[in-house]
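Chain naming here is simple, since letters A, B, ... match the order of the sequence lines and numbering starts at 1 in each.
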Number of protein chains: 2
Amino acid sequence: MGKYHHGDVRNVLLQKAETILTEEGPTGLSLRRLARMTGVSEAAPYRHFDGKDGILAAVAIAAFERFAEQLESVAANVAHHEERIMKLGAAYVGFAVENPQHFRLIFGRERPPLDQYPELRDAADNAFDVLQRAVTSVDRKAEMTLTEAATAYNRALAAWSRAHGIAMLVIDGMIVPPADQELGDFVLGLLAEDLTAPSDL
Amino acid sequence: MGKYHHGDVRNVLLQKAETILTEEGPTGLSLRRLARMTGVSEAAPYRHFDGKDGILAAVAIAAFERFAEQLESVAANVAHHEERIMKLGAAYVGFAVENPQHFRLIFGRERPPLDQYPELRDAADNAFDVLQRAVTSVDRKAEMTLTEAATAYNRALAAWSRAHGIAMLVIDGMIVPPADQELGDFVLGLLAEDLTAPSDL
DNA sequence: TTTCTTATGTTAACTAAGTTAACATTAATG
DNA sequence: CATTAATGTTAACTTAGTTAACATAAGAAA
């Protein structure tokens, strides 16, 4: 009978997994529900993925790739160094706000362990590389002294932390961005604050 | 017979819950296991807590309180405004690193919804108040103009975001603090970076 | 073509967890 | 002392992750 064998179950599963994840997050994604929604037996996903972690890994890889692409495209279009850092931060937060579940998946503890999924590790490394290159103006890395390189690295970490913190606090609802302002502008404002300056208040 | 009725099951449960949470995080905390470890029936916890969320809420409340205390004690001991912000950030990250699971519990999405646990909401609000007061020098709030207040608020958000980002990235293993440096100094260094300054590299 | 093998799908079962209902016992209170 | 509220217990229901055993389809090998 012709109801066996869908033709492309793996991709359909991945697609539906994306949908469920977007709506309910990693915890809400249940393999059994996924299978039912796909119209396939509850054990079928195990033929295509290494259990739940396997599916999450696949989704996370795709998410990392999209994330890296978006950062890259911003970095490539801003020549000025400081401006690039700021815009990158805004893009970082932008991705998080537009794809909160994916963002949580790739950074949170629901993410399958990197050392069990080499492709996932590669995707993660690549995303961080994009970030670092953009922040550190790596083109000139060869010319740097060790001290300079350390300074540059610290700048990268500082920039990254700030963007990450804003992203987290916003998607977790702890910070509510003002409604009368573009999200990007709000983020740029926060990134530009210099806490070492006296408060003049 | 005398094996019924422990005497103080609620507190024992809470205590064990703390232990399990510290070791395995919110997801690893299973009510059934908790009950077994406490030597009590698997349904007993439901007599004392409103299900799993109820226990998590109770633990989260305690965590918020400790968090707030630690921040408060730092803030109270540093008079200088800019220095206080920095030290507060370091303390913020310090708490996260020493109590990663608790930190995740109070900020992550495993935290029971604030609107279902009023005491939890109060604990959270209080912690943020401590933070804001310390960052904003609220003693003089009355004297501020609206613009000044907005500026001060933004400074608070910026400081908070940075500390939060560092905390998250460190406890998630994305940033590995240098081994040859005190964690506090490392954090202070990151907080002090001013990304608006030219990179001079 | 026929046969063997591999990929892919199915059913059925096992384990563990959250939760609730129905029942038992204790402690406290009138 | 009798009643009641609090606190435990057992047993059951539901959902989920996972695996084993079996079935079928497709393609390679004979």
Side-chain angles (χ1 to χ4, degrees), chain A residues 1-21 23-60 101 105 108-113 116-117 120, chain B residues 1-21 23-60 101 105 108-113 116-117 120:
Chain A
M1 283 298 273
K3 83 152 59 142
Y4 218 65
H5 172 260
H6 251 243
D8 193 22
V9 181
R10 194 194 138 99
N11 275 327
V12 180
L13 284 173
L14 254 188
Q15 194 56 45
K16 298 254 180 194
E18 280 278 350
T19 308
I20 300 184
L21 180 93
E23 288 164 0
E24 316 200 14
T27 317
L29 194 161
S30 129
L31 286 201
R32 302 183 89 117
R33 226 183 98 203
L34 177 60
R36 286 193 296 265
M37 283 178 68
T38 313
V40 88
S41 92
E42 293 181 339
Y46 290 87
R47 291 288 170 196
H48 298 278
F49 298 97
D50 178 17
K52 183 166 182 174
D53 267 7
I55 290 195
L56 286 181
V59 176
Q101 305 288 18
L105 173 61
R109 70 223 149 305
E110 321 255 25
R111 183 195 55 213
Q116 271 174 47
Y117 297 89
L120 180 55
Chain B
M1 282 304 273
K3 83 152 58 136
Y4 218 63
H5 172 259
H6 252 242
D8 193 21
V9 182
R10 193 194 138 99
N11 275 326
V12 180
L13 284 173
L14 253 188
Q15 193 56 47
K16 298 255 180 193
E18 279 278 348
T19 308
I20 300 184
L21 180 91
E23 288 164 359
E24 316 199 15
T27 317
L29 195 161
S30 127
L31 285 202
R32 302 182 89 116
R33 225 182 99 203
L34 176 60
R36 286 193 296 265
M37 283 178 67
T38 311
V40 90
S41 92
E42 295 182 336
Y46 290 88
R47 290 288 171 195
H48 299 278
F49 298 96
D50 179 18
K52 182 165 184 175
D53 268 6
I55 291 196
L56 287 181
V59 176
Q101 305 288 18
L105 173 61
R109 71 222 149 303
E110 323 254 23
R111 184 195 56 214
Q116 268 172 50
Y117 298 89
L120 180 55

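Put simply, NZ on Lys16(B) and CG on Leu21(B) are 15.0 Å apart, with the number rounded to the nearest 0.5 Å. Here Phe49(A) contributes atom CZ and Leu31(A) contributes atom CG; the two are 9.5 Å apart, rounded to the nearest 0.5 Å. A distance of 9.5 Å separates CD of Glu23(A) from CD of Gln101(A), quoted to the nearest 0.5 Å.
Looking at the side chain of Val40(A), the nearest of the listed nucleotides dA16(D), dG9(C), dT9(D) is dG9(C).
Distance CD (Glu42(B)) to P (dA17(C)): 8 Å, rounded to an integer number of Å. In this structure, Tyr46(B) atom OH and dC23(C) atom P are separated by 21 Å, rounded to whole Å. The nearest whole Å value for the distance from the NZ atom in Lys52(B) to the P atom in dT20(C) is 14 Å. The distance from atom CZ of Arg32(A) to atom C1' of dG17(D) is 7 Å, rounded to the nearest whole Å. Whole-Å rounding puts the Arg47(B) CZ to dT10(D) P distance at 13 Å. If you measure from atom CZ of Phe49(A) to atom C1' of dG17(D), you get 16 Å, rounded to the nearest angstrom. Nucleotide dA7(C) holds its P atom 17 Å from the CG atom of Asp8(A), rounded to whole Å. With rounding to whole Å, Leu31(A) atom CG is found 21 Å from dC14(C) atom P.
Within the structure, a side-chain polar atom (N or O) of His48(B) is placed less than 4.0 Å from OP1 or OP2 of dG8(D). A close approach under 4.0 Å does occur between a side-chain nitrogen or oxygen of Ser30(A) and OP1 or OP2 of dG17(D). Applying the 4.0 Å criterion to OP1 and OP2 of dT15(D), one finds that Arg36(A) has every side-chain N and O outside that range.
In terms of heavy-atom proximity, Asp53(A) sits nearest to Pro113(A) at OD2-CD, 3.9 Å.
A donor-acceptor contact closer than 3.5 angstrom links the side chains of Asp50(A) and Tyr117(A).
Backbone-only contact: Leu29(A) has heavy atoms under 4.0 Å from sugar-phosphate atoms and none from a base.
Ranked by how close their nearest DNA chain C nucleotide is to the 5' end, Thr27(B) and Arg10(A) are led by Arg10(A).
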